J.: 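Dropping a structure here in structure tokens format, bear with me for questions.
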Amino acid sequence: MSSLALTKRLPSRQTIPYYLLLPLIALPIHLKITSSFNSYENFLSFIWTGDHLDEYERTAEDSLDASASKLSELSDKLAEVEADMEVCKLDTIDGMEPTYPSTLVKTLGGVSILLDKVAATVDGVET
């Protein structure tokens, strides 16, 4: 026998067919989809509309986002009220109660009403 015939008979390195690697690639993708989007329906909704939340969840999240922006507005108004109250306290004579202007009282009433509306909006969101 020639050396050429021996090399042809030696087994070659076997490779794994690519279709056997498919589950190894698909599993991490499956786990990512189910952990990020909670279901395939939400994933398909994300692909189709660009939003992974269903209509009910989107409405609730938008409502809570609007409430959060109103809370930052309330925070700014409260800071103004506190500053005006400090000015009124500094303008009074020692030992006397400060008198607050009617605009300050109206502003504080408006803040209270806005805070009640935000609380009602947050309470209205069903879980």
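Model, not experiment: these values are computed from the prediction.
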J.: Cut-off 3.5 Å, no hydrogens considered: what does the side-chain donor-acceptor table look like for residues 62-69, sequence neighbours left out?
T.:
unit_1	atom_1	unit_2	atom_2	d
Ser67	OG	Ser63	O	3.1
Ser69	OG	Ala66	O	2.7

J.: Tabulate below the donor-acceptor pairs under 3.5 Å that side-chain atoms of residues 75-93 make, not counting sequence neighbours, or state none.
T.:
unit_1	atom_1	unit_2	atom_2	d
Thr92	OG1	Lys89	O	2.8

J.: Tabulate below the donor-acceptor pairs under 3.5 Å that side-chain atoms of residues 102-119 make, not counting sequence neighbours, or state none.
T.:
unit_1	atom_1	unit_2	atom_2	d
Thr107	OG1	Thr103	O	2.8

